[in-house]
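Reviewing the structure listed below.
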Amino acid sequence: MDELLGEFVAECHDLLETLAVEMVEWERDPSDQQRLDTVFRFFHTVKGNCGFFDFPRLEKLSHAAEDLLSDFRADRRKPDRAAVDAVLATIDKIRELVGIIDAGQPLPEDDDAELIAALRSEGEAPVAEDGEASDEVIEDTAEEPAPAAETTPKKDAAPSTPVTQQQRTIRLPVELLDRVMSGVSDMALARNELNRMIAMQVDDPQVQATFSRLSTLLDEMRDAIQRIRMQRVDTLFASFPRLVRDLSHELGKQVMVELESGDVELDRELIEVIRDPLMHLLRNAVDHGIESPAERLEAGKREIGMLHVSARQTGSEIRIGIVDDGRGIDTEKLVEKAIAKGIITAEEAEMMSERDKTALICEPGFSTAEKVTSISGRGVGMDVVRANIENIGGSLVIDTSPGSGTRMMLNVPMTLSIVPAITVRSGGRPFALPRSYVQEIVRVNADDSGRARMGGRDFITLDDKRMPCVELADILEMDSDLSELDERLFLIVRLVGGDAFALGVEEIVGLGELVIKPVAPMLQKTGFYVGITQMDDGSPVMALDVSGIARDAGMIGDVKKRVRVSEEAGKERAEVLHKGLLFEQFDGAMRLVAMDSIHRIERVASSQITPVDNGYRVAIDGSVMPVGGLLDEMPGRKRLELLHFHVGGRSIAHAFARMIDIVEFKAPTGGERDVVLVDEKPVRQLHPEQMADGLTAVVELES
Amino acid sequence: MAEMVLIVTMAGEKVAVRTTLITTVIQLATVCPVPRAPEHVAGITALRSRGMLVIDCRVSLGENEVAECSVDNHAVVIEMEGHAYALAVDGVHDVSEIISGPAPVQVSLPGNWKNASEGMVELPTGSAMLVDPFRLIAGPVQEVDAA
């Protein structure tokens with residue numbers, strides 16, 4: 001009995017996930033019988049099971065919902081918002097009740113009369129005789145597995161068996177998976193140990209061959225088990241249409257959601273972690289972003305606001321984008337508020353770039369809504385959202401253009417547990433840190449004039465830029481074995497907020513994927529560590545909390561320090577400023593490209609780039625595109641960064657040597673379309689269309 | 001049905017730890033020190049694929065001036081809130097049953113003993129202090145506050 005009940009509860013949870021989506025979709029397109037059938041079947045199943053398990057309260061509820069739905073199915077009733085609301089509310093109620101059952105508690109006494117009345121209301125309204133008909137249906141459906149079929153005029157509208165075949169699945173407790181996972185990790189460690197012994201003591205090639213086969217099998221198994229922990233991002237997105245529907249109704253707005261999951265899979269733990277931040281961003285988009293229908297019409301837009309949620313996988317990162325076509329973020333208002341709250345001063349605001357201003361929304365204690373609605377402003381601010389995302393090694397980028405919408409991009413690692421990492425040695429001890437933070441590793445000689453001490457801080461000069469640097473050993477209060485005279489290794493660490501600094505270490509021990517496990521709270525509180533991981537030989541290594549270290553070392557610029565660029569931006573506010581990416585080409589020239597024209601910045605392995613007759617091509621995510629910006633000789637780098645453009649339906653890429661800065665520039669007027677002023681210096685602007693023209697030849701020659 | 005305790009030596013003294021709280025007893029392999037960790041954290045070690053903190057019970061008990069005692073590399077593994085901790089002890093002895101107790105101690109205890117002990121227990125071999133391993137993990141009270 002208990003097992004059966006467990007099954008029932010689990011099944012309900014599963015079905016409830018998708019149910020709200022089906023209902024909302026059906027409301028939009030009432031001709032879609034299949035969706036309606038799915039919802040109907042759910043209530044029918046619940047009703048049947050409740051009779052069996054003796055949950056009269058649940059049974060009554062699902063019965064009432066079933067009746068209403070069977071009226072929809074039989075065309076006795078047209079869907080209206082009140083009815084759909086009632087069904088959705090019933091779904092919520094059932095979820096709540098099932099949760100209580102799941103927790104093993106008795107269901108509270110309550111007859112749900114209000115909800116049932118809502119489900120029944122108007123049901124009898126259309127024609128008098130229909131009231132009778134629906135009574136009949138109630139009796140029928142109570143006993144028949146194929147409900148309502150005889151009473152409906154259209155027989156084909158009510159298929160008695162499920163149309164869609166359910167995928168065969170089994171249910172497993174997550175702890176079991178974790179146990180298997182850690183078992184396999186243990187095996188891998190024992191394997192490594194054995195590997196060393198065999199290498200030292202065994203000469204027999206047969207033993208070695210068998211061992212290496214075993215080793216390969218183990219690796220495959222480990223991969224497979226990691227995959228088990230993955231879940232499709234659809235399960236996360238499933239709740240969005242409902243959320244948006246309810247919100248937009250509440251706010252009197254019309255919003256259409258477009259979901260594009262891109263077959264992306266995420267670690268299930270991660271899904272849980274990003275669920276709340278994503279919901280919050282969605283709420284913000286509907287509440288603050290999208291305007292009321294009247295406002296939209298006035299602004300010359302469609303009445304219905306569009307919300308596009310998409311997921312993409314790029315390497316070991318998942319990008320989730322939330323794009324709305326609403327009013328955008330009023331950065332001026334943000335600035336006013338920031339000044340009023342004393343976060344920045346008016347003079348500082350004068351000097352801030354647009355992007356810096358937009359980033360203010362993520363400062364603690366911010367809410368731009370003139371009045372706090374019940375939807376947003378529930379205490380969790382964007383600062384919490386950003387902090388949550390950064391905690392898992394992700395980032396949040398917001399781009400907005402007033403009047404036409406906002407784009408929020410969430411980058412998160414694919415899994416929480418396996419992180420590409422760099423292991424370094426400092427103070428004679430190993431430490432690991434996520435590779436994503438490390439932009440570059442540089443070696444600086446002690447006699448290098450590039451090192452300097454100014455104002456109590458050390459700096460190194462890198463590509464003509466001064467960068468603050470700090471020794472890891474100093475932060476962790478360890479004795480470094482290195483003398484002042486030795487050459488130094490620095491990791492160039494770029495933090496999520498854009499701040500960069502150089503972290504000095506003694507040695508790079510290795511690169512590899514590490515399983516980072518959470519560290520005891522006692523150490524987490526120190527702010528220096530995020531987890532414990534193990535080297536191949538099983539020895540423990542602490543994983544560093546890079547932002548914590550940066551904070552301790554005073555390397556995180558607060559808002560005030562972020563005001564360092566584009567003083568022109570303040571002075572020339574009246575003119576339209578564009579955001580541009582300033583970069584250096586491989587031929588040494590400095591170029592600028594408008595931010596808006598960049599589709600993405602890709603990091604690819606040099607091996608992904610192949611030379612063709614008169615140029616290069618690169619394969620990104622399964623599509624091949626021409627690459628400009630490269631010289632005849634490929635740069636001797638393992639990885640290259642490419643600007644990825646979409647031009648006239650084609651993808652092109654442009655390689656660059658390094659990114660210099662993101663700047664704001666005035667669109668050039670007159671004939672000088674190609675030259676813009678950046679910091680009073682002329683810089684040539686690249687236009688993707690022109691680049692595409694230059695590159696077409698390559699493709700055509702090829703084909 | 002008497003409750004069982006494991007007798008271990010820590011800070012030069014034989015103390016009792018309830019066996020129900022103990023996950024396992026291990027021989028410590030390498031202990032890798034963790035810079036800037038609380039003082040009573042001796043470092044981290046790994047038990048198969050699991051990394052855990054090693055707690056120096058001597059420091060936990062506030063015995064800062066410990067006489068040279070031979071640590072024989074044994075540690076008692078305790079689970080707390082999903083994390084495992086290895087309590088490094090000076091020696092591991094028998095498992096024994098509690099005859100009576102714990103009874104409150106009449107005198108004021110020095111260092112962190114006051115906080116970490118649950119009282120005196122009578123064992124077949126004599127009496128011993130019953131210590132709460134969770135409090136040992138938490139470390140000296142004043143230090144936790146400071147951290």
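Numbers restart at 1 for each chain; the letters A, B, ... are given by sequence-line order, proteins then strands.
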Distance-minimising heavy-atom pair for B:Ala37 and A:Thr526: CA-CG2, 4.3 Å
A:Pro540 versus B:Ala46, closest heavy-atom pair with distance: CG-N, 3.9 Å
Please look at B:Val34 and chain A and tell me whether the side chain, the backbone, both or neither of the residue comes under 4.5 angstrom of a heavy atom of that chain. both
Shortest non-hydrogen separation from B:Pro35 to A:Met478 and the atoms involved: CG-SD, 3.4 Å
Which value, rounded to the nearest 0.5 Å, describes the distance between B:Leu53 atom CG and A:Met542 atom CE? 7.0 Å
Just so I understand: if I count every heavy-atom pair under 4.5 Å between each of A:Leu476, A:Val519, A:Val541, A:Thr533 and chain B, which residue has the most? A:Leu476
Check whether any side-chain N or O of B:Arg36 sits under 3.5 Å from a backbone N or O of A:Ile475 as a donor-acceptor pair, and report yes or no. yes
Between B:Met52 and A:Ile532, which heavy-atom pair has the shortest distance, and what is it? N-CD1, 4.0 Å
To check you understand the geometry: which heavy-atom pair defines the closest contact between A:Pro521 and B:Tyr85, and what is its length? CD-OH, 3.7 Å
Within the supplied structure, the quantity of interest is the number of heavy atoms (other residues, nucleotides, ligands) at a distance under 6.0 Å from A:Arg179 CZ; does it exceed 12? no
Residue part contacting chain B, namely of A:Glu477, when any heavy atom lies under 4.5 Å: both
Identify the two heavy atoms, one from B:Ile137 and one from A:Met522, that lie closest to each other, and give their separation to 0.1 Å. O-CE, 3.1 Å
